[in-house]
Protein chains: 2
Amino acid sequence: MAIPKGRENKRNGTCVTSIDVAALAGVSQAAVSRAFTPGAPIAADTRKRILEAAQKLKYVPNSIASSLTTRRTNMVAVILGNMNNPFYMKVFKCLAARLQAQGRQILTFTVDTGASSDDALMRVLRYQVDGIILTSAQLSTRMTALCHERGIPLVLLNRYVPSAETPSVCSDNSGGGRMIAEAFLRAGARRFAVVKGDPFGTTSQDRLSGFLAGLFEAGITRNHILELEGNAVYEGARNAVFQAFRDGNQPVPDAIFGINDAMAMGVMDALRGMLNICVPEDVMVAGFDDIEEGARWPYRLTTVRQPVETMVDKAIALLKLDTKPGAVDTGICIDHKIPCQLIWRDTVRLTEQN
Amino acid sequence: MAIPKGRENKRNGTCVTSIDVAALAGVSQAAVSRAFTPGAPIAADTRKRILEAAQKLKYVPNSIASSLTTRRTNMVAVILGNMNNPFYMKVFKCLAARLQAQGRQILTFTVDTGASSDDALMRVLRYQVDGIILTSAQLSTRMTALCHERGIPLVLLNRYVPSAETPSVCSDNSGGGRMIAEAFLRAGARRFAVVKGDPFGTTSQDRLSGFLAGLFEAGITRNHILELEGNAVYEGARNAVFQAFRDGNQPVPDAIFGINDAMAMGVMDALRGMLNICVPEDVMVAGFDDIEEGARWPYRLTTVRQPVETMVDKAIALLKLDTKPGAVDTGICIDHKIPCQLIWRDTVRLTEQN
DNA sequence: TTGAAAGCGCTAACAA
DNA sequence: TTGTTAGCGCTTTCAA
């Protein structure tokens, strides 16, 4: 007898377990486990018999139970900040596709923009996820430390913690900011505005500093660069631009850089829809990210493309999900310079001489 | 001695368990469990002592382990279809906010548009989720049956299975379609086009049938209604409209109904950006859903608002997550008539006489 | 290749 | 209010 007396499944019908399958197939419960484990030592015909029994009973293995012993849940937590920005939805979609293709489940957490992800992270820890990917949200060093101690890999996507040793992947934001500066300059702009995003995000800061550096090198002075706060969202940028230039408050610059595409679209809508200013004829506009919406009519936004797939793949790779749970940490890996690409569209007009 | 000999935590440092905490606090392991269970019978000072010990050891309870006995994971699966439609992102955001507020985790699955969600569902089952919410994706009756047998509540959001007894929540799509028809008629339109969405989705079908019914009642005949396939996405609608009316292929109607806002925006971009046709002067346009993007300049889309919060709340309520796992099913509950609201904006122009 | 048995970290019934 | 004990459904040694 494969299933010894006293070890039968005692529940009244609900929830078929491996014991039920074992009983039907006339094998031990361990054999059922092996039948569902690729590469386990089990005879082909035994497995076949077990699988048939399982099918008959509509048995579905309980991953939760197995993860108790294997110490792997095959769940990856994704913590999402600014869901209003289509770029992060693009990232999420890509993340989901890749992770699902690997047979991993995604435990999703959304965090209000600017809010700390600490409590989300705390809940994540209870669920024994195999790894955590955090995009667009703040987190405390206490939390990164906690993850590290517990051996849960954490990687930041599209942001980093300066001076801290948390793995992270970012594109070359400052280089991208510089590209925009150069494009504007080549197109003949001399007075500028920039609409900034999350004041605590490294991404926004780096794009800004690259942009400014490019401008300064061309001899543009600070008083020719207006800085506006857009808070990383469409409405923020639209309102900031409208407030800044309504009623001829101040002179409209030659070019405006929206630190991300969503904001650049807000900039354009404020300009064209509220202030009656033409883009690119009166003012040039550029964004950053290359979201689909920005490529459409009537935006046709000149922007810097972030290689989402590459970034996502690198982030997942940094999780090192396939190494053993207790494996030693082979050093920090931070990739902050994934190359970006300038996408010329219609909102920056090149002068003839170019 | 609270922790008996032979029952100590035998792992070498990794992973603090309730046994470690119990040992430090000088209580039984069960006491630790109680300390972390709200409402459990435990003295206040005992709990306090345990919590301190836990803090010292940085203990985090293992939800996976507890769910093995409680038969509740506090995880809800959300299966997402068309992520390209901002409406579903809005739904997802709302779902996430509500579920997280209840202390539940979200296991997310994305499914390609039109693809079956059966394998996603199969994976969900392994994870013993407490409930499943499915938006915008196909699923087989085999799967709904499987969920039902296993006692896992499943609710469809924004679609339903005709003739099947799967709980679902939808707004009054056909009533909304009718509202659009009436708005167009009041504005003086006599020739129409409609861009259809997912051919297998009840939502698209109902909106269409409501729209047609409204038109027929006003005496409009079928030959004055052009049907186009937009496949529920922006690009599909844009291309369909462009193909239909390029080079004066056929006469442009007075009004075009995009079965959802994303498509209506595609319609407008094709009209204005590719065909040089003015909206609403030459052609009126209306959508459905009321996504933020459609409310912006230059769209200002007239549309039907789906009450997302209400729908999400009802969907979650239908899951009946707070009833006992084995509780008897108190009948099917389907809510297909959550009222919608017509939102007048600029793409449908009312005539003077109104 | 198989089965028996010992857990994984926790909850819950029971007794004290 | 507490501790003891028996599992939850599975994986994984260890022998056979």
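Chain identifiers are assigned alphabetically (A, B, ...) following the order of the sequence lines, protein sequences preceding nucleic acid strands; residue numbering begins at 1 within each chain. Reckoned from all heavy atoms, side chains included, excluding hydrogens, waters and symmetry mates. The structure displayed is predicted, hence computed values, not measured ones.
- In this structure, B/Y127 places its OH atom 13 Å from P of D/dC10, rounding to the nearest Å.
- Counting non-hydrogen atoms under 4.0 angstrom, A/A30 reaches a base of the nucleic acid.
- Close to D/dG3, at under 4.0 Å from its OP1 or OP2, lies a side-chain N or O of B/S28.
- A salt bridge between B/K48 and B/E52 is present, with a side-chain N of the basic residue lying under 4.0 Å from a carboxylate O of the acidic one.
- The closest side-chain heavy-atom distance from A/V91 to A/N158 is not below 4.5 Å.
- Side-chain N/O atoms of B/S67 and B/T73 include no donor and acceptor closer than 3.5 Å.
- Here the side chains of A/V76 and A/Q105 are not in contact, with every heavy-atom distance at 4.5 Å or above.
- Using a 4.5 Å heavy-atom cutoff, the side chains of B/N74 and B/S63 are not in contact.
- C/dC10 atom P lies 8 Å from atom CD1 of B/I19, rounded to whole Å.
- Contacts of A/A43 with the nucleic acid, taken as non-hydrogen atoms under 4.0 Å apart, involve only primed sugar atoms and P, OP1 or OP2.
- Side chain of B/I42, nearest nucleotide from D/dT2, C/dG3, D/dC10: D/dT2.
- One atom, NZ of B/K48, and another, C1' of D/dT1, lie 18 Å apart when rounded to the nearest Å.
- Listed candidates were C/dG3, C/dG9, D/dT11. Nearest to the side chain of A/T37 is D/dT11.
- Nucleic acid contact class of A/S66 (heavy atoms, under 4.0 Å, all strands): sugar-phosphate only.
- Between B/T69 and B/A44, the residue whose closest nucleotide on DNA chain D is further toward the 5' end is B/A44.
- Atom pair A/F36:CZ and D/dT12:C1' shows a separation of 18 Å (rounding to whole Å applied).
- The shortest distance between the side-chain N/O atoms of A/T46 and the OP1/OP2 oxygens of C/dT2 is below 4.0 Å.
- We find that CD of A/Q29 is positioned 11 Å from C1' of C/dA5, with the value rounded to whole Å.
- We find that CG of B/L68 is positioned 4 Å from C1' of D/dC8, with the value rounded to whole Å.
- For the pair A/I64 CD1 and C/dT11 C1', the computed distance is 16 Å after rounding to whole Å.
- Between the two ends of the helix from C/dT1-D/dA16 to C/dA16-D/dT1, each summarised by a five-pair axis, the helix axis turns through 30° (rounded to 10 degrees).
- Contact of the A/F109 side chain with the B/Q100 side chain is registered, since non-hydrogen atoms from C-beta on lie closer than 4.5 Å.
- For A/Y59, a side-chain nitrogen or oxygen approaches OP1 or OP2 of D/dC10 to under 4.0 Å.
- The side chain of B/T70 lies closest to C/dT11, out of C/dT11, C/dG9, D/dT1.
- Between B/Y59 and B/F36, the ring planes lie perpendicular to each other; the angle is over 60°, past the 30° to 60° tilted range.
- A salt bridge is defined here as a Lys NZ or Arg NE, NH1 or NH2 lying under 4.0 Å from an Asp or Glu carboxylate O, and A/D322 with A/R104 meets this definition.
- One can place CZ of B/R34 at 10 Å from P of C/dA12, the figure rounded to the nearest angstrom.
- Residue A/S18 is in sugar-phosphate contact alone, with no base atom involved, counting any heavy-atom pair closer than 4.0 Å across all strands shown.
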